[in-house]
Asker: 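The structure that follows is given in the form of structure tokens.
Start at 1 and go down the list; that is how both ligands and their atoms are numbered. Keep in mind that the numbers below use all heavy atoms, side chains included, and drop hydrogens, waters and symmetry copies. Keep in mind it's a predicted model, so treat the numbers as computed, not measured.
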Amino acid sequence: MVLIKRFILFTISVSLCVSAENNGTFPKDFLFGAASSSYQVEGAWNEDGKGENIWDRMTHAHPESIMNRDNGDVACDSYHKYKEDVSIAADLGLKHYRFSISWTRILPSGYDNYVNQKGILYYQNLIEEILKHKMIPVATIYHWDLPQSLQDIGGWTNPLLVNHFVNYARIVIKNFKNVGYWITINEPKQVCVRGYGAGDFAPGIKGSGIANYLCAYLIAKCHAATYHMYKDEFPHYKAKMSITLDGEWSEPASNKKKDVEAAERRNQFEFGLYANPILNGDWPEVVIDRIAERSALENYSESRLPIFTREEIDYINGTFDFLGFNTYWTLLVANAKEASIKSSSYKNDVRAVITKDPKWKLGSNGNTIVPWGVRKMLQWIQKTYNNPDIFITECGVSDDGTSLDDDDRISFYTDYLDAILDAMYIDGMRIFGFTAWSLMDNFEWTGGYSYHFGLYHVNFSDPQRTRTPKKSTIFFRKLAKTHRIPQV
Ligand code: BGC
């Protein structure tokens with residue numbers, strides 16, 4: 001199927017003189033890698049001086065909020081097994097390994113008055129190990145594990161967090177000189193909408209319609225302040241820096257004007273809210289207008305969306321060297337009736353009915369598998385943000401983990417990578433890397449250990465947390481070696 005499609009696309013592109021190169025091959029310098037994040041894999045939650053973070057707190061104080069009452073206390077035990085992790089990544093022939101830094105391992109109290117040298121040493125060793133295996137270290141400064149101490153004073157709703165974040169970022173940048181790419185913050189939408197809106201993610205604040213916007217506002221400022229600090233204070237460093245945003249494509253449920261508008265509105269709320277301040281300047285217009293309109297209906301004297309000053313707009317705009325992009329799934333979106341004005345919420349602001357086409361396949365966590373959705377999302381990014389350089393920093397699918405023969409994962413990657421090649425060669429997008437989520441099965445937030453995204457299986461009932469290659473490792477090894485989508 002993929003081969004037939006490729007032939008057709010090849011013929012079309014030749015006849016249109018777009019590009020004759022879409023023969024299923026990624027460029028020689030294209031980066032294939034795999035990702036993980038600190039809370040999801042490290043374990044050692046209170047070892048060697050590490051302080052408590054919001055996921056430690058939530059999983060301990062509210063175990064009922066996580067499937068099977070799982071937690072990340074031990075996780076994949078990567079704090080002790082990092083050498084093995086790096087070597088299994090290298091064994092796939094990958095060019096990069098993406099990991100994140102645990103804020104409270106470096107600054108146990110959250111503040112910069114005491115730096116935990118054991119934490120610094122852990123990441124220095126990890127980075128050295130990655131370099132030793134001839135891979136590029138891609139480091140995320142913040143992948144959701146905020147110090148609990150900083151949450152106690154408001155977390156991502158306290159404007160002072162920006163300063164504390166920059167102080168933390170300065171320490172890690174200074175100490176980890178050999179990082180190849182910096183990601184300031186992973187997926188602000190999940191941090192804000194789930195952590196401070198719906199409240200199902202740590203820190204569990206149910207502040208939909210108010211707190212999630214304050215969070216988005218502070219994250220934009222925080223990312224920009226970190227980027228400026230980096231460029232001003234470390235001008236001799238070569239590593240590029242950006243933020244990683246997750247894009248789930250909103251496909252109009254019909255051709256009706258209202259549904260098409262609703263899908264565009266949802267894309268702007270779900271992606272544009274975080275991307276626009278950085279890539280274009282200011283919030284997207286439709287988001288500003290819609291929240292102002294709804295706030296007025298609800299009788300607020302001002303919009304629930306914090307408004308950027310002209311100075312802030314200019315300070316945040318352009319703070320990226322590329323765009324980090326995580327991609328998983330697609331939804332159908334139709335227009336919704338105006339909700340009752342008695343309640344304020346993000347959902348009422350977006351005003352959309354969301355469904356899944358029953359014909360679409362699903363991952364075990366309910367994510368839809370829609371390769372063309374990724375291409376449409378990429379095309380939308382290209383058009384909306386003037387074709388930025390893109391690093392795909394996560395993409396993957398979950399299964400129930402019952403078999404090492406993960407053929408569904410192989411077809412997922414085959415089809416998604418094919419859609420990405422189309423975006424590159426037919427649409428002319430500048431995508432320079434692709435990162436599998438994830439290197440190994442790990443703690444999947446509220447899903448605990450029930451969703452398995454890994455290229456390697458991890459046995460969580462074995463104290464050794466043994467890693468075993470799945471069939472998809474064969475696929476990935478061939479992909480990384482040949483730069484072609486393998487037929488496994
Ligand atoms: C997150 C990962 C997560 C993955 C799969 C992404 O949104 O960055 O931390 O595990 O999705 O659920």
Side-chain angles (χ1 to χ4, degrees), residues 33-43 53-55 58-59 65-67 70-72 75-76 78 85 97-103 138-146 181 183-195 197-198 200-202 219 223 242-249 270-271 274-275 323-331 362-369 373-374 377 391-401 406 408-409 412-413 416 433-458 460 472:
S36 68
S37 94
S38 47
Y39 186 78
Q40 295 181 271
V41 302
E42 282 177 8
N53 66 44
I54 55 176
W55 279 91
M58 175 156 159
T59 54
S65 52
I66 312 289
M67 257 194 228
D70 288 334
N71 63 46
C76 305
S78 290
D85 295 347
Y97 180 49
R98 177 178 176 227
F99 60 95
S100 81
I101 298 165
S102 156
W103 188 332
V138 177
T140 307
I141 299 174
Y142 180 76
H143 198 126
W144 308 357
D145 41 3
L146 189 74
Y181 291 88
I183 305 292
T184 52
I185 295 160
N186 181 68
E187 299 191 356
K189 178 183 77 187
Q190 305 296 336
V191 175
C192 299
V193 173
R194 300 191 66 176
D200 61 326
F201 272 11
I219 284 195
H223 160 78
S242 190
I243 191 165
T244 274
L245 306 179
D246 52 315
E248 123 201 346
W249 175 244
E270 293 269 291
F271 194 83
Y274 310 93
L323 174 64
F325 176 58
N326 290 354
T327 178
Y328 288 89
W329 59 322
T330 287
L331 289 163
L362 303 177
S364 69
N365 64 348
N367 276 9
T368 58
I369 301 176
V374 171
M377 184 74 214
F391 191 175
I392 297 180
T393 41
E394 277 180 37
C395 179
V397 68
S398 72
D399 58 27
D400 61 10
D406 53 346
D408 287 348
R409 178 162 295 104
F412 171 92
Y413 279 125
Y416 272 55
F434 180 90
T435 317
W437 184 269
S438 60
L439 178 65
M440 61 199 150
D441 296 340
N442 58 48
F443 177 82
E444 279 295 337
W445 310 111
T446 47
Y449 298 101
S450 318
Y451 306 136
H452 303 247
F453 277 87
L455 301 176
Y456 285 86
H457 170 266
V458 176
F460 293 102
S472 53

Asker: For this output row, return yes or no: ring centroids of Phe443 and Tyr449 closer than 6.0 angstrom.
Answerer: yes
Asker: Please give me the minimum heavy-atom distance between Phe453 and Asn365, naming the atom from each residue.
Answerer: CZ-ND2, 3.6 Å
Asker: Minimum heavy-atom separation for Val374 and Thr327, please, with both atom names.
Answerer: CG2-OG1, 3.3 Å
Asker: Determine the minimum heavy-atom distance between Val397 and Arg409, stating which atoms define it.
Answerer: O-NH2, 2.9 Å
Asker: Please tell me if the side chains of Trp329 and Leu362 come closer than 4.5 Å, counting only heavy atoms from C-beta onward.
Answerer: no
Asker: List of N/O pairs, ligand 1 versus protein, all under 3.5 Å?
Answerer:
{"residue": "ligand 1", "atom": "7 (O)", "partner": "Glu187", "partner atom": "OE1", "Å": "2.5"}
{"residue": "ligand 1", "atom": "7 (O)", "partner": "Glu187", "partner atom": "OE2", "Å": "2.9"}
{"residue": "ligand 1", "atom": "8 (O)", "partner": "His143", "partner atom": "NE2", "Å": "3.3"}
{"residue": "ligand 1", "atom": "8 (O)", "partner": "Asn186", "partner atom": "ND2", "Å": "2.9"}
{"residue": "ligand 1", "atom": "8 (O)", "partner": "Glu187", "partner atom": "OE2", "Å": "3.4"}
{"residue": "ligand 1", "atom": "8 (O)", "partner": "Glu394", "partner atom": "OE1", "Å": "2.9"}
{"residue": "ligand 1", "atom": "8 (O)", "partner": "Glu394", "partner atom": "OE2", "Å": "2.9"}
{"residue": "ligand 1", "atom": "9 (O)", "partner": "Gln40", "partner atom": "OE1", "Å": "2.7"}
{"residue": "ligand 1", "atom": "9 (O)", "partner": "His143", "partner atom": "NE2", "Å": "2.8"}
{"residue": "ligand 1", "atom": "9 (O)", "partner": "Trp445", "partner atom": "NE1", "Å": "2.9"}
{"residue": "ligand 1", "atom": "10 (O)", "partner": "Gln40", "partner atom": "NE2", "Å": "2.8"}
{"residue": "ligand 1", "atom": "10 (O)", "partner": "Trp437", "partner atom": "NE1", "Å": "3.3"}
{"residue": "ligand 1", "atom": "10 (O)", "partner": "Glu444", "partner atom": "OE1", "Å": "2.6"}
{"residue": "ligand 1", "atom": "10 (O)", "partner": "Glu444", "partner atom": "OE2", "Å": "3.1"}
{"residue": "ligand 1", "atom": "11 (O)", "partner": "Tyr328", "partner atom": "OH", "Å": "3.4"}
{"residue": "ligand 1", "atom": "12 (O)", "partner": "Glu444", "partner atom": "OE1", "Å": "2.9"}

Asker: Would you name the heavy atoms of Cys395 and Tyr416 that are closest together and state the gap between them?
Answerer: SG-CD2, 3.7 Å
